[in-house]
Amino acid sequence: MATDAKARIAHYLSGFFPVTDLKDDDDLFALGFVSSMFAMQLVTFVEHEFDVVVENEDLELDNFRSIGALEAFVGRKLAATAAS
Amino acid sequence: MNGLLTDDQRSALEEFRAFADAEIAPHADPAHRAQRTEPAVVKALADTGWMGLAIPAEYGGLGRDAVQLGLLAGELGRACSSIRSLLTVHTMVAHAIGRWGSREQRERWLPRLATGELTAALAVSEPGAGSDMAAVATALTREGEGWRLDGHKKWITYGETADLLLVVGRSAEGPTAVLVERGTPGLRTALITDLIGIRASMTADVWFDGCAVPGENLLGRPGLGVSHVAGAALDLGRYTVAWGSVGILDACLAASVDYAGRREAFGAPIKEHQLVRRMVSTMYADRQAARLLCLEAGRLRDARDPGALAAASTAKYFASTAAVRAASDTVQIHGANGCGPDYPAQRLLGDAKVMEVIEGSTQLHQTGLAEYAFQESARARRPHADAVTADAVRRDR
Ligand SMILES: Cc1cc2nc3c(=O)[nH]c(=O)nc-3n(C[C@H](O)[C@H](O)[C@H](O)COP(=O)(O)OP(=O)(O)OC[C@H]3O[C@@H](n4cnc5c(N)ncnc54)[C@H](O)[C@@H]3O)c2cc1C
């Protein structure tokens, strides 16, 4: 499951970054120019792909900074949803 | 188009159309000339409950889907672009509050925005910052538990009358969004007149002179005022402006067909002249295409598909540029009457041109659409996630 989430995130992000292999801990926001709608695209992708709701409290940059961070964030959201 | 709508959407469209014809269209030309929206027109719209059409039912709205919101924007846009722009800015603010507001903020503002008891406006642009929203200079400084706001916003649609302003300023953390109520000491507005289009839109200069903004009016995190708060609002604004442009195309087509059938030149109605028919053909095809792009954007939005953002941008770019072409041809088909005050053609042309400037100018969309094209292509070149996963699972074994 974890690998699956990571692969889905990596595939989506491959559209934005012209690097052949995005590493788990590459800082997305340090990689250079992303379009002005990138932040909202990423939020919408995470919500749609994993059926979670991203709230204001979740908008720590650290949750969205890298593939690894996104995977961990999605894992926490899914666990919280399952528990509630 | 009707075949692409659900029964609910089709009957909503009929209601929107009847209302726009009866309550909005008759005011469009007088309001354009007077450069004002009569409060009675806003009240008529509020009385329908449609200011809260897309606001969730739990916050007092009608909780309708994005396609219905688009259909409403289209019908209002056909009747009067100024009133459509009221719906646009009002729903942008409501959407931003619904998306990033705390439960307390949603409970406090959304029910009154839904009924139209309060109207809202979005204040991002400044004399020195338009397309480059992140360059806003309006200063937000922490003062006690709240903020102090100083600066000048310009071109704020319905800024002259709005009860609630969503303002993006600059704090130490970067662009930051706050809600400011009319009546806040230090807040001053002045109507901007003689616009090229949406002349009844009560567009205003807004000044903040040491306005005290309570801490609970911060919307979203400091620093995320453009990327997330304005980003969410703008995505919806593009969508309703795209539909509003379809409405302008509808109005152009109706006016052109009617006039071309009645006006005679060289012994025949001008609709018999092939070059006039060509203008009508282009308008017709553009209208059909723009409407389909808008419907697709609405469908994706309702499915919460991440492709909805690119679809809204595509629809806005295409529909607004098509509306300018159509309105220019509508003036042409009307000849001198198109240039004068007795026909709506010149109003439609000015309104259409504004659609190309607001909610991301044509050039900004062109730049962004190329970006979406490169993204799609880059993803297509990479193995799909399912294949990656299958590989990974094999490796893990
Ligand atoms: C009637 C009306 C109502 C409005 N209502 C609102 C409102 O309610 N709230 C609000 O906040 N703002 C509002 N605006 C402002 C509007 O959002 C801005 O006008 C718009 O963002 C463009 O900014 P600008 O006018 O500063 O143009 P600029 O950003 O200065 O652009 C000027 C020209 O340069 C082009 N350009 C700029 N950057 C680039 C680039 N990177 N690549 C290629 N070309 C580029 C633009 O396309 C444009 O053609 C309104 C404007 C009008 C006219």
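Residue numbers start from 1 in every chain, and the chains themselves are labelled A, B, ... in the order their sequence lines are given, proteins ahead of strands. Heavy atoms only: backbone and side chains are in, while hydrogens, waters and symmetry mates are out.
B:K154 is linked by a salt bridge (charged side-chain N to carboxylate O under 4.0 Å, His left out) to nothing, counting only residues two or more places apart in sequence or in another chain.
How far CD of A:Q41 is from OH of B:Y372: 4.5 Å, rounded to the nearest 0.5 Å. Note that the CG atom of A:D51 and the CZ atom of B:R304 stand 6.0 Å from one another [nearest 0.5 Å]. Separation of atoms CE (A:M37) and CG (B:L364) is listed at 10.0 Å; rounding is to 0.5 Å. Distance check: B:L309 CG to A:F38 CZ gives 12.0 Å after rounding to the nearest 0.5 Å.
A heavy-atom distance below 4.5 Å is found between the side chains of B:D305 and A:H48. Here the side chains of A:L13 and B:R379 are not in contact, with every heavy-atom distance at 4.5 Å or above.
Using a 4.0 Å cut-off between charged side-chain N and carboxylate O, B:R103 and A:E57 make no salt bridge.
Top candidate by heavy-atom pairs under 4.5 Å with chain A, chosen from B:H228, B:Q375, B:M133, is B:Q375. Between chain B and the residues A:T44, A:V43, A:V53, the largest count of heavy-atom pairs under 4.5 Å involves A:T44. Note on B:A232, B:G360, B:G223, B:A310: by heavy-atom pairs under 4.5 Å with chain A, the leading option is B:A232.
Taking every heavy atom of both residues into account, A:Y12 and B:P306 meet most closely at OH-CB, 4.0 Å. Counting all heavy atoms, side chain and backbone alike, A:L59 lies closest to B:W100 at CD1-CZ3, 3.5 Å. For the pair A:S14 and B:A378, the tightest heavy-atom approach, listed with the atom from each and the gap, is O-CB, 3.6 Å.
Heavy-atom distances place no part of A:V46 under 4.5 Å from chain B, backbone and side chain included. With a 4.5 angstrom heavy-atom cutoff, B:A303 touches chain A only via backbone atoms. With a threshold of 4.5 angstrom between heavy atoms, B:R238 approaches chain A through side-chain atoms but not through N, CA, C or O.
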